[in-house]
Amino acid sequence: MGDRFRLQQLFLIVCIFFSQLAAAQRDSSAANITSGDSLSHPANTDSISTAYYKLNKDYFKSFIPALTYTLSRPAHWDKKDWTRFSLLAAGTGAMLLADWEIRNVVQRNRSAGIESVAKVVEPFGNTYGLYLFPAMYAVGAITRQPKIASAGLTGAKALVISTAIYTASKKLIRRNRPDAAHSSWDYAAPFAKQRYTSSPSGHSNTIFTAATALALEFKDEKWVGPLAYTIATATAVSRIYHNRHWASDVVLGSLMGHFVTKAVWKASQKKPKRIPKY
């Protein structure tokens, strides 16, 4: 009964969320179109900030260039990028050293109230997160909002690529989960011990992929980014609370989801810009 109620709540929230996005996009489109102009008119294409996709072979063919672009980014980093990477790597390393203590503190301070919140947000990292982008595409197609439909397709592409990268990372890192380990330094050799799947956190990767994609696609809607990242952060923290990931696993998964999605999104903007007809 509780799970069914939460699903009903989620369905209501999703309906409200997408209805607000659709309304915002309609208002934005109306503001940018002069009398007698069409959305597909060449004179208006310069005001379009995103590339719009349809579910066709060109969309699926765009996965390989997006993956190649994402994996090749370090080769094109400048000094600022390497400085940022160094700071993030140092922060993740510091978290790694504190993993055992963080786990103990969190597990000693569990409560019914926090548990209820954690149970609500945790599914956003797997079940809900996987349904988000197909739902966006469906809503965009039904309401004839090409930006929402295209955002769903771009987000789905980012999720596929980020999932492939974090899954490959799990096979290489092979870290034991905190609910089964007696030390935060319990690692195995790459591709060994199939149950050693703690790092990076898949839930964190998925929800930060979703949050970043929404924030990038709808950056003109000021409420979207803060809401998306708040849910993403709560979801990621719930994995520490439920003792399924070390804190550094969550940080690594979140960073991977965020930066991989930014790269995929930038690669997607290289597509010739056009608005599909629904």
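Because the structure is predicted, anything quoted here is derived from the model rather than measured.
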Over 60° means perpendicular and under 30° means parallel, so classify the ring planes of F63 and F60, tilted if in between. parallel
Going by salt bridge (Lys or Arg N to Asp or Glu O under 4.0 Å), name the residues that satisfy it together with R175, two or more places apart in sequence or in a different chain.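 With sequence neighbours excluded, R175 shows a salt bridge (Lys or Arg N to Asp or Glu O under 4.0 Å) to D99, D249, given in chain and number order.
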Between [X] and [Y], is any side-chain donor less than 3.5 angstrom from a side-chain acceptor?
X    : Y    : result
H242 : E122 : yes
D179 : N243 : no
S248 : T92  : no

Checking salt bridge (Lys or Arg N to Asp or Glu O under 4.0 Å) for the pair E115/R110: CA distance, chi angles, key distance, verdict? CA-CA 7 Å; E115 180 68 27; R110 294 173 68 99; 3.0 Å; yes
For atom NE2 of H76, decide whether the heavy atoms of other residues, nucleotides or ligands shown that lie under 6.0 angstrom number more than 12.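 Enclosed.
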Look up atom CD in Q107 and atom CD1 in I102, then write down how far apart they are to the nearest 0.5 Å. 12.0 Å
In this structure, OH of Y69 is separated from CD1 of I161 (nearest 0.5 Å) by 12.0 Å
Between L172 and F191, is there a side-chain heavy-atom distance shorter than 4.5 Å? yes
Measuring only between side-chain heavy atoms, which start at C-beta, is M136 closer than 4.5 Å to L214?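 M136 vs L214: side chains touch.
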Measure from the side-chain N and O atoms of N126 to the backbone N and O of G129, and report whether any donor-acceptor pair falls under 3.5 Å. no
